[in-house]
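First comes the structure, then the notes that go with it.
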Amino acid sequence: MDAKLYTPSDAAPAAGAPPTPSLRETVYARLRAAVLDGGFGARERLAEVRLAARFGVSRTPVREALARLASDGLIERGDGGFFVTIPNLRQLRDFYELRVTLELRGVARAIEDPSVRHDPAVLTVELDRWYAMRQCPPAPDPRFVVQDERFHAELSRASGNPALTDALVAVSERIRQVRMYDFLTQDRVGTTIAEHIEIMELVRDGRLDEGYRALHAHVGDSMAVVLERAQRAITQMAMHADRF
């Protein structure tokens with residue numbers, strides 16, 4: 001069980017210290033993280049009483065957090081309470097298509113405008129992370145999707161358009177619950193690591209046309225590929241819903 005949450009009223013902050021997050025913000029942040037990280041099964045009801053006990057708080061901040069998450073589209077009301085939102089195939093197709101568009105735009109804008117340069121410092125830091133993973137590959141794990149998302153967000157951030165990156169992060173979160181089941185084999189993890197390194201090295205070296213093509217192949221070079229991945233992910237999620 002999680003430790004009891006600290007509330008701002010428990011102690012006065014030191015002079016000059018940053019403001020302590022409110023209890024409602026803390027509960028929302030922790031519950032949101034649990035939802036996004038696969039902490040709840042696809043058919044697990046998000047019960048107020050159980051969540052309040054888990055976080056060591058009253059039901060009020062939990063109820064408010066659930067309402068906010070429903071507004072975010074991350075959970076939805078079902079039979080007897082709230083459940084994690086699992087996009088259907090049509091929604092996944094739309095989200096995947098948007099993701100591909102946002103991913104490619106980060107490189108395309110640098111191809112179209114020579115004044116746009118990818119930040120080498122951002123690329124170097126992220127590449128070092130993936131070099132380390134190539135040396136010591138992590139075990140297959142659905143939560144590897146978080147590492148995958150970070151790569152794509154950092155590649156986008158290096159292109160210099162924060163709004164583009166924010167949109168990519170948002171759509172990635174909406175499909176994380178399904179995409180996380182794409183990393184259940186060592187081959188898939190290894191292939192992802194190798195492709196990430198190839199893409200970022202090409203961009204770092206200014207070989208943008210090649211980088212664009214490699215990224216396009218990586219995220220899905222046709223809607224048929226995108227739909228096949230989405231359908232496979234939904235099937236895998238149904239198979240593993242009660243395991244993680």
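Summarising the geometry, atom CG belonging to D205 is positioned 12.0 Å from atom CE belonging to M200; distances are rounded to the nearest 0.5 Å. Distance check, rounded to the nearest 0.5 Å: CG of L123 to CD1 of I199 gives 12.0 Å. For the atom pair CD of E173 and CZ of R179, the computed distance is 12.5 Å after rounding to the nearest 0.5 Å. In this structure, CG in L69 is found 8.5 Å from CG in L46, a value given to the nearest 0.5 Å. Rounding to the nearest 0.5 angstrom, the gap separating the CG atom in D128 from the CE atom in M133 is 11.0 Å.
Judged by distance alone, with hydrogens and angles left aside, the side-chain atoms of T191 form no donor-acceptor pair with the main-chain N or O of R188 at under 3.5 Å. R157 contributes no side-chain N or O that, together with a main-chain N or O of V122, makes up a donor-acceptor pair within less than 3.5 Å. Using modelled atom types, one side-chain atom of T85 and one backbone atom of G73 make a donor-acceptor pair closer than 3.5 Å.
Ion pairing between R213 and E210 fails under the 4.0 Å rule for side-chain N and carboxylate O. Between R99 and E149 there is no salt bridge, since no side-chain N of the basic residue sits under 4.0 Å from a carboxylate O of the acidic one. One finds no salt bridge joining R207 and E201 here, because no Lys/Arg side-chain nitrogen approaches an Asp/Glu carboxylate oxygen to under 4.0 Å.
Summarising the geometry of F183 relative to V189, their closest heavy-atom pair is O-CG2, 4.3 Å, with the distance given to 0.1 Å. The minimum heavy-atom distance linking W130 with Q147 is given by the pair CZ2-O, 3.3 Å. What you find for P137 and Q186 is that their closest heavy atoms are CB-NE2, 3.9 Å. Heavy atoms only, all atoms of each residue included: R109 and G160 are closest at NH1-C, 4.0 Å.
Ring geometry for H218 against H152 counts as parallel: the plane angle stays under 30°, on a 0 to 90° scale with 60° as the upper cut.
Among pairs with a residue in residues 77-92, none fulfils salt bridge (charged side-chain N to carboxylate O under 4.0 Å, His left out), at least two apart in sequence or across chains.
Environment of CZ in R105: crowded, with over 12 heavy atoms of neighbouring residues, nucleotides or ligands closer than 6.0 Å.
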Does D113 form a side-chain hydrogen bond (donor to acceptor under 3.5 Å, both in side chains) with S115? I'd like the steps, not just the answer.
CA-CA 5 Å; D113 183 355; S115 69; 2.7 Å; yes

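The only member of R30, R32, R68 that meets salt bridge (Lys or Arg N to Asp or Glu O under 4.0 Å) when paired with E25 is R68.
At a cut-off of 3.5 Å, with distance as the only test, no side-chain donor of T185 or D187 sits close to an acceptor on the other residue.
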